[in-house]
Amino acid sequence: MRFPVSAPTSIETLLQRAHQLTGQSFAQLAEDAGLVMPNDLKRDKGWVGMMLEQYLGASAGSKPLQDFPELGVELKTLPVDEFGQPLETTFVCVAPLVNTSGLNWLNSNVRNKLSCVLWLPIDGRRAVPLGQRVVGQPFLWRPTAEQDQALQRDWEEHMDRISLGEVEAITARQGEFLQIRPKAADGRALTDAVGPDGQIIQVRPRGFYLKKTFTRAILEQVFNAV
DNA sequence: CCGTGATCATAC
DNA sequence: GTATGATCACGG
């Protein structure tokens, strides 16, 4: 493997690259990429995801775009346990808290990000040293009509609250599959939002996350198809 | 500060 | 045991 890897020009190329990662250990991948592997992920929470982006040729940077804009594909690593079940929720994107009047599900960032996802299950077992963990079997996923509708219901519920100035009343328990939780560098990060009386208030930035029940269902649908 | 990549760690 | 709310690193 030579770095940097060029952007894949087709979904087939992207999938081929992803499949070549299956079964490889993080230690081996780090070495081949010339990366220093941390001892654990305590202070490097996004390390695995960023390394795999390099291998697949994802455009670097922090732009609010898909990882492969030309292919319309978003890359998501998904840490799983020994039973292949998700260990974490999945961050989707930041939640807009102001100027929400023109937003709807069809033009939403959430729907755009989730319209086509290359899921890359990874070994997330804490008991296993990071270098010994391996990459799982990738798969390309598009939401079914039912999944899209379920996400839309959650999204609209959340956006209604945000528009009505109820952002501070939103809890991660709300939403069947799509939740809203804080998303910030630390407790001091603040951003504009709509308050109860329509005024601008300062709140912790929020993000949309997929609950584990949702990603678990995707994994089951793909790997335990009856 | 914002958005990217996420996992941590404590309350439940 | 596990989900929620908090937090870590980095580029722009």
Side-chain angles (χ1 to χ4, degrees), chain A residues 4-5 7 18 21 26 29-30 33 35-69 73-83 85-100 108-110 112-114 117-130 133 135-136 154 158 167-193 200-216:
Chain A
V5 174
L21 301 175
F26 298 168
L29 290 169
L35 298 175
V36 176
M37 187 180 66
N39 292 323
D40 56 52
L41 299 177
K42 281 185 171 63
R43 306 191 68 85
D44 298 270
K45 301 182 181 186
W47 182 80
V48 177
M50 296 181 75
M51 174 174 71
L52 295 177
E53 279 189 348
Q54 283 194 35
Y55 269 93
L56 297 175
S59 20
S62 53
K63 296 177 287 291
L65 296 170
Q66 291 157 315
D67 294 296
F68 304 96
V73 176
E74 173 75 9
L75 174 68
K76 286 289 177 200
T77 59
L78 184 58
V80 298
D81 64 15
E82 60 267 44
F83 306 112
Q85 306 227 353
L87 280 163
E88 300 286 348
T89 57
T90 301
F91 173 71
V92 180
C93 60
V94 167
L97 303 181
V98 292
N99 304 136
T100 56
S108 70
N109 207 351
V110 172
N112 179 53
K113 283 282 179 76
L114 296 181
V117 178
L118 176 60
W119 291 101
L120 204 41
I122 59 171
D123 190 345
R125 294 175 294 173
R126 310 286 205 273
V128 177
L130 189 60
R133 300 186 203 170
V135 179
D154 287 343
H158 293 313
V167 61
E168 292 183 303
I170 296 178
T171 275
R173 296 169 188 80
Q174 294 159 358
E176 187 179 5
F177 300 120
L178 189 68
Q179 63 182 183
I180 282 188
R181 306 215 309 274
K183 165 68 172 175
D186 56 49
R188 283 131 267 161
L190 292 174
T191 192
D192 285 354
I200 296 297
I201 60 174
Q202 298 292 113
V203 300
R204 176 80 43 81
R206 311 296 165 108
F208 285 107
Y209 295 80
L210 293 175
K211 292 186 176 182
K212 287 196 276 186
T213 50
F214 190 81
T215 47
R216 180 152 54 236

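Letters A, B, ... mirror the listed sequences (proteins, then strands); counts begin at 1. Keep in mind it's a predicted model, so treat the numbers as computed, not measured. Side chains included, hydrogens not; waters and symmetry mates left out as well; all remaining heavy atoms used.
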**Value in whole Å for how far the C1' atom of dA6(B) lies from CG of Leu87(A)** = 13 Å

**salt bridge (Lys or Arg N to Asp or Glu O under 4.0 Å) partners of Asp44(A), counting only residues at least two apart** = none

Contacts under 3.5 Å, N or O only, protein and nucleotides 1-4 of chain C:
| unit_1 | atom_1 | unit_2 | atom_2 | d |
| --- | --- | --- | --- | --- |
| dA3(C) | OP2 | Lys212(A) | NZ | 2.7 |
| dT4(C) | OP1 | Ala172(A) | O | 3.2 |
| dT4(C) | OP2 | Gln179(A) | NE2 | 3.0 |

**Asked** Hey, can you pull the residues of residues 39-51 of chain A with a non-hydrogen atom under 4.0 angstrom from DNA chain B?
**Response** Leu41(A), Lys42(A), Lys45(A), Gly46(A), Gly49(A)

**Request:** Take the protein atom CG of Leu190(A) and the nucleotide atom P of dT7(C), then report the distance between them rounded to whole Å.
**Result:** 12 Å

**Complete:** Of the listed dT7(B), dA6(C), dT4(B), the closest approach to the Ile122(A) side chain comes from dT7(B)

Show every donor-acceptor pair shorter than 3.5 Å between a side-chain atom in residues 35-43 of chain A and any protein atom, with sequence neighbours excluded, or say none if there are none.
| unit_1 | atom_1 | unit_2 | atom_2 | d |
| --- | --- | --- | --- | --- |
| Asp40(A) | OD1 | Lys42(A) | N | 2.9 |

**Complete:** Rounded to whole Å, NZ of Lys183(A) lies from C1' of dT7(C) at a distance of 10 Å

**Asked** Between Arg126(A) and dC8(B), does any side-chain N or O lie under 4.0 Å from OP1 or OP2?
**Response** yes

**Message:** Are the side chains of Trp119(A) and Thr215(A) in contact, using a 4.5 Å heavy-atom criterion?
**Reply:** yes

**Message:** Holding to salt bridge (Lys or Arg N to Asp or Glu O under 4.0 Å), I want the full list of residues that pass it with Lys76(A), two or more places apart in sequence or in another chain.
**Reply:** Glu74(A)

**Request:** With the side chain of Thr191(A) defined as its heavy atoms from C-beta on, choose the nearest nucleotide among dA6(B), dC2(B), dC8(B).
**Result:** dC2(B)

**Prompt:** Just how far, in rounded Å, is P of dA9(C) from CD of Glu53(A)?
**Reply:** 18 Å

**Asked** How would you list, by chain and number, every residue that makes a ring-ring contact (aromatic ring centres under 6.0 Å, His included) with Phe91(A), sequence neighbours excluded?
**Response** Tyr209(A)

**Residue of the set Val117(A), Leu75(A), Asn112(A), Leu118(A) for which side chain to side chain contact (heavy atoms under 4.5 Å, CB included) holds with Gln66(A)** = Asn112(A)

**Request:** Look up atom NZ in Lys212(A) and atom CD in Gln179(A), then write down how far apart they are to the nearest 0.5 Å.
**Result:** 10.0 Å

**Complete:** Between CG of Leu52(A) and C1' of dT7(B) the distance, given in whole Å, is 15 Å

**Fill in**
d(Arg133(A) CZ, Leu29(A) CG) to nearest 0.5 Å is 13.5 Å

**Message:** Whole angstroms only, please: what is the OH-P distance between Tyr209(A) and dA6(B)?
**Reply:** 12 Å

**Prompt:** Run the side chain to side chain contact (heavy atoms under 4.5 Å, CB included) check on Leu21(A) and Leu56(A) step by step: do they pass?
**Reply:** CA-CA 9 Å; Leu21(A) 301 175; Leu56(A) 297 175; 3.9 Å; yes

**Request:** Report the nucleotide, chosen from dA6(B), dG5(C), dT7(B), that has the shortest atom-to-atom distance to any side-chain atom of Pro79(A).
**Result:** dT7(B)

**Message:** What contact category does Glu74(A) fall into here, base, sugar-phosphate, or nothing, at under 4.0 angstrom with non-hydrogen atoms?
**Reply:** sugar-phosphate

**Request:** Report yes if at least one side-chain N or O of Arg204(A) is closer than 4.0 Å to OP1 or OP2 of dA6(C); otherwise report no.
**Result:** yes

**Interatomic distance where CZ belongs to Phe208(A) and C1' belongs to dC2(B) [whole Å]** = 16 Å

**Request:** Fit a plane to each ring of Phe26(A) and Trp47(A), take the angle between them on a 0 to 90° scale, and name the class: parallel (under 30°), tilted (30 to 60°) or perpendicular (over 60°).
**Result:** perpendicular

**Request:** Would you kindly compare Leu65(A) and Thr90(A) by the position of their nearest DNA chain B nucleotide and give the one closer to the 5′ end?
**Result:** Leu65(A)

**Prompt:** For the pair made of CG in Asp123(A) and P in dT7(B), what is the distance, rounded to whole Å?
**Reply:** 12 Å

**Asked** Between dG11(C) and Lys63(A), is there an OP1 or OP2 to side-chain N/O distance shorter than 4.0 Å?
**Response** no

